[in-house]
Amino acid sequence: MNRDLFIYDSYQRQHVRLEPIHDDAIGMYVCGPTVYSDVHLGNCRTFVSFDVIYRYLLALGYKVRYVRNITDVGHLEGDADEGEDKVSKKARIEKLEPMEVVQRYMNGFHHMMNVFNTLPPSIEPRATGHIVEQIEMVKKILANGFAYERNGSVYFNTQKLIQEREEYGKLSGKIMDDLINESRTLKNQDEKDHPADFAIWIKADERHLMHWPSPWSEGFPGWHLECSAMSTKYLGETFDIHGGGYDLKFPHHENEIAQNIGCFHHTPAKYWLHANMLLLNGKKMSKSDGNTISPGQLFTGESKFITKSYSPMVIRFFMLQTHYRSTLDLTDDALQAAEKGFKRLIEATKAVSNLSTNESALNTDLNKEIDQIIDSIYSEMNDDFNSPKALAAVFDLVTRINSFKDGHTNVNQLSKDTLSRLQSEIKIWVHEIFGLKNEDATTSGEGSKLNGVMQLLIDLRAQARAKKDFSTSDKIRDGLASVKIQLKDSKEGTSWSNE
RNA sequence: GGUCGGGUGGCCGAGCGGUCAGGCAGAGGUCUGCAAAACCUUGUACAGCGGUUCGAAUCCGCUUUCGACCUCCA
């Protein structure tokens, strides 16, 4: 197994070789969603990106513990620490229990992750289930002198961290002097010693529906604290990979690093990975100016930004055609192109199973070429999970498979070993690593019935064609076309596919 | 205003010092009863202006433009 994997670490700002802390096991923490509304399509891209990373690490034979949290308390509205808790607010407005809000949107999130065929994480901890751990962490940070209490709330002392460790701001590229000086004029009315300080425990006012007892007040944990507490609990004080969206770099990840240093005197993760944003027609998605589209709208086609509906796997394929660290521009044209490309990929993945060789025309050069292409898929992916390049190599195989299938290239040039490697590797890549599944219904019970019906029609049409009864054969083909089933004639007979 | 990251052919997107990205669309061809599918061949590119280099899409500087985060303003 080729584990010569290089990744781009946002913290060091360079490509580095992935060297896990423990030889065969990797701990990976990815910041999950705050469940106070429907999943955003941009979130889906982030989680699909990390899903492919997770799947690839598994394919390399690593034992991966993938922890992705659910934020169900503590994420406040607005920038400041005095905003209202997002979940709490939604619950108040809709007159629901906070946990009803959480459950509803968490279910929706899980459903969408399933629709996009992402693997569930190994552990999916919730912030509200780890209040005790968070309180313990606040105690430690206080004991270490990196936090102070004001009227029942506890704040992290960023200035002390800057002075003693020259650390705060490193991940996000903030300049410490700016953090010290520029923000000094703002919001002096609150109880923090310094505007850059942030709350790790917040005293609940009467509006807050969710609160817990603590040594400082009846309150709730700050948003950033949950990730520090839960990653430590499940992955240890130091683990391999910490991931999340680019927009979480500051303040969320920066504050997380601060908390871990304040508590354990070192940063939590060896490597930081950040997935880039999804744009719509060249602009960021924003609900306020209407430049937004939901996964549901994509699947139904009900949006002014698209001309038709697109299936989840087409969207997933579309996402994989771009590197996870690049912004991705969603447009109708691009989706249409992705749809056709995806279809060709899936058709070839199915067709490869039917190939067989008798080795009567062995061609060592060709066998070597196929082997090299397969190896290159791995080496492309080893370059910071370069899925677009890996896909390009897979398409090289697609062309060759189709050529064998049509008889343009003699399949008997292949050795049995090469063919079986080709057959298994393309399925590993398409289905297991890229997580793309065949969306045809042919594998289900109804599907196999349909297969029988289709075979009958194909046979009848073949008979008609043999008798040069083209009006009958065309009637069958056109009739099927009108229900979106396409017939494809080839030397080896007729096959069919949806759309 | 600050920090960081981008501007690649008709569209989306890799590449980041010298060699083919890839997908989709376009053109020509093969196969086919006709189609479709598939295969083969093929054109058009690196925001602009300077500089470094034997050689730059790739490095440096400036200009312009876009995005993210922060800030400001509301």
Side-chain angles (χ1 to χ4, degrees), chain A residues 8 10 13 15 42 79 169-179 181-187 195-196 245-254 274-286 314 317-345 347-348 351 376-377 380 383-384 386-409 461 464-474 477-478 480-481 485-492 494-497 499:
Chain A
Y8 184 84
S10 321
R13 294 160 194 265
H15 286 90
D79 330 318
K170 196 176 164 191
L171 175 72
S172 53
K174 301 288 171 206
I175 295 172
M176 290 168 216
D177 287 348
D178 291 347
L179 284 170
N181 300 322
E182 278 189 14
S183 50
R184 195 169 286 280
T185 52
L186 323 167
K187 295 172 186 163
Y246 257 103
D247 52 346
L248 294 181
K249 261 189 182 178
F250 189 88
H252 186 59
H253 291 335
E254 197 70 72
H274 290 277
N276 218 138
M277 304 289 104
L278 181 65
L279 307 178
L280 179 57
N281 293 318
K283 291 181 195 162
K284 78 161 177 175
M285 287 202 206
S286 159
V314 166
F317 173 80
F318 170 70
M319 290 173 174
L320 295 179
Q321 278 189 305
T322 304
H323 189 98
Y324 78 92
R325 282 193 297 111
S326 298
T327 52
L328 168 58
D329 191 14
L330 186 100
T331 62
D332 193 56
D333 286 345
L335 286 172
Q336 287 194 26
E339 183 169 54
K340 291 183 180 171
F342 171 69
K343 197 175 155 195
R344 191 155 80 93
L345 177 65
E347 290 299 319
S376 77
I377 309 175
E380 298 297 0
D383 179 18
D384 195 29
N386 195 331
S387 59
K389 268 228 133 172
L391 262 178
V394 171
F395 268 100
D396 197 346
L397 295 179
V398 166
T399 299
R400 285 161 191 273
I401 289 167
N402 284 329
S403 184
F404 290 131
K405 188 185 78 175
D406 279 7
H408 291 113
T409 307
R461 178 164 166 274
R465 289 177 74 205
K467 286 185 274 183
K468 300 217 185 291
D469 176 7
F470 296 126
S471 68
T472 301
S473 72
D474 286 353
R477 187 174 69 199
D478 296 344
L480 289 171
I485 290 175
Q486 186 182 64
L487 292 182
K488 288 180 261 191
D489 296 328
S490 73
K491 286 201 173 72
E492 294 171 0
T494 301
S495 63
W496 64 280
S497 65
E499 284 184 285

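Below, chains carry the letters A, B, ... as their sequence lines are ordered, and counting in each starts from 1.
For the P atoms, the distance from G43(B) to A21(B) is 10 Å, rounded to whole Å. Using P as the reference atom, A47(B) and G13(B) are 15 Å apart when rounded to the nearest Å. For the C1' atoms, the distance from A14(B) to C24(B) is 15 Å, rounded to whole Å. For the C1' atoms, the distance from C11(B) to A45(B) is 13 Å, rounded to whole Å. On the C1' atoms, U32(B) is 10 Å away from A36(B), given to the nearest whole Å. Atom name P, nucleotides C73(B) and G15(B): the rounded distance is 40 Å, in whole Å. Separation of the C1' atoms belonging to A27(B) and U8(B) is 22 Å when rounded to the nearest angstrom. C46(B) and A57(B): their P atoms are spaced 9 Å apart (whole Å).
Residue contacts for Asn386(A): at a heavy-atom cut-off of 4.0 Å it reaches the sugar-phosphate backbone alone, with no base atom in range. Nucleic acid contact for Leu328(A): sugar-phosphate only, since backbone atoms but no base atoms lie under 4.0 Å from a heavy atom of the residue. Contacts of Asp489(A) with the nucleic acid, taken as non-hydrogen atoms under 4.0 Å apart, include base atoms. Using a 4.0 Å heavy-atom distance criterion, Ser495(A) is classed as making no nucleic acid contact. Using a 4.0 Å heavy-atom criterion, one finds that Thr409(A) contacts no nucleic acid atom at all. Residue Arg465(A) is in base contact, counting any heavy-atom pair closer than 4.0 Å across all strands shown. Backbone-only engagement by Ala334(A) is indicated by non-hydrogen atom pairs under 4.0 Å involving sugar-phosphate atoms exclusively.
In terms of phosphate contacts, Arg344(A) brings a side-chain nitrogen or oxygen within less than 4.0 Å of OP1 or OP2 of C39(B). Remark: Lys340(A) is in phosphate contact with A25(B), judged by side-chain N or O atoms under 4.0 Å from OP1 or OP2.
Here G50(B) sits opposite C60(B) as a Watson-Crick or G-U wobble pair (both hydrogen-bonding atom distances under 3.5 Å). In this structure, A35(B) forms no base pair with any nucleotide, since neither Watson-Crick nor G-U wobble geometry is met with both distances under 3.5 Å. Across all strands shown, A68(B) is found opposite U3(B) as a Watson-Crick or G-U wobble partner, with both distances under 3.5 Å.
Remark: ring of Tyr246(A) does not overlap the six-membered base ring of A68(B) in a stacked fashion, as centroids less than 5.5 Å apart with planes less than 30° apart are not both met.
The nearest whole Å value for the distance from the CD1 atom in Ile377(A) to the P atom in G22(B) is 15 Å. Between Arg13(A) atom CZ and C4(B) atom P the separation is 7 Å, expressed in whole Å. To the nearest angstrom, P of G33(B) lies 18 Å from NZ of Lys467(A). Per the geometry, CG belonging to Asn276(A) stands 9 Å off C1' belonging to G6(B), to the nearest Å. Summarising the geometry, the separation between NZ on Lys170(A) and C1' on U3(B) is reported as 16 Å, rounded to the nearest angstrom. Between the CD atom of Glu347(A) and the P atom of A37(B) there is a distance of 12 Å, given to the nearest Å.
Two residues, Lys389(A) and Leu279(A), neighbour RNA chain B, and the one matched to the more 5' nucleotide by heavy-atom proximity is Lys389(A). Each of His323(A) and Leu248(A) lies near RNA chain B, and the nucleotide nearest His323(A) is the one positioned closer to the 5' end.
Looking at Arg477(A), its side chain comes within 3.5 Å of the base of C34(B) through a donor and an acceptor atom. Interface remark: the Asp329(A) side chain does not form any donor-acceptor pair with the G13(B) base, using a distance-only criterion of under 3.5 Å. On a pure distance criterion of 3.5 Å, no polar donor-acceptor pair joins the side chain of Ser326(A) and the base of G13(B).
Within the 4.5 Å cutoff, no side-chain heavy atoms of Glu347(A) are placed close to those of Ile401(A). The closest side-chain heavy-atom distance from Thr494(A) to Arg461(A) is below 4.5 Å.
Donor-acceptor pairing under 3.5 Å is recorded for the side chains of Asp469(A) and Ser471(A).
Nearest nucleotide to the side chain of Phe250(A), out of C12(B), C69(B), A21(B): C69(B). Among the nucleotides G33(B), A37(B), U30(B), the one closest to any side-chain atom of Asp406(A) is A37(B). Side-chain atoms of Asn402(A) lie closest to C39(B) of the nucleotides G22(B), C39(B), G33(B). Closest to the side chain of Thr399(A), out of C40(B), A21(B), C24(B), is C40(B).
Below 30°, between 30° and 60°, or above 60°: for Phe317(A) and Phe342(A) the angle between ring planes is between 30° and 60°, a tilted geometry.
The line from CG of Asn402(A) to CZ of Arg400(A) is 12.0 Å long, rounded to the nearest 0.5 Å.
Exactly one of His274(A), Met277(A), His252(A) qualifies for a side-chain contact (heavy atoms from CB on, under 4.5 Å) with Asp247(A). That residue is Met277(A).
Salt-bridge check for Asp384(A) with Arg325(A): passed, with a basic side-chain N closer than 4.0 Å to an acidic carboxylate O.
The two residues Leu397(A) and Ile377(A) have their closest heavy-atom pair at CD1-CD1, 3.9 Å.
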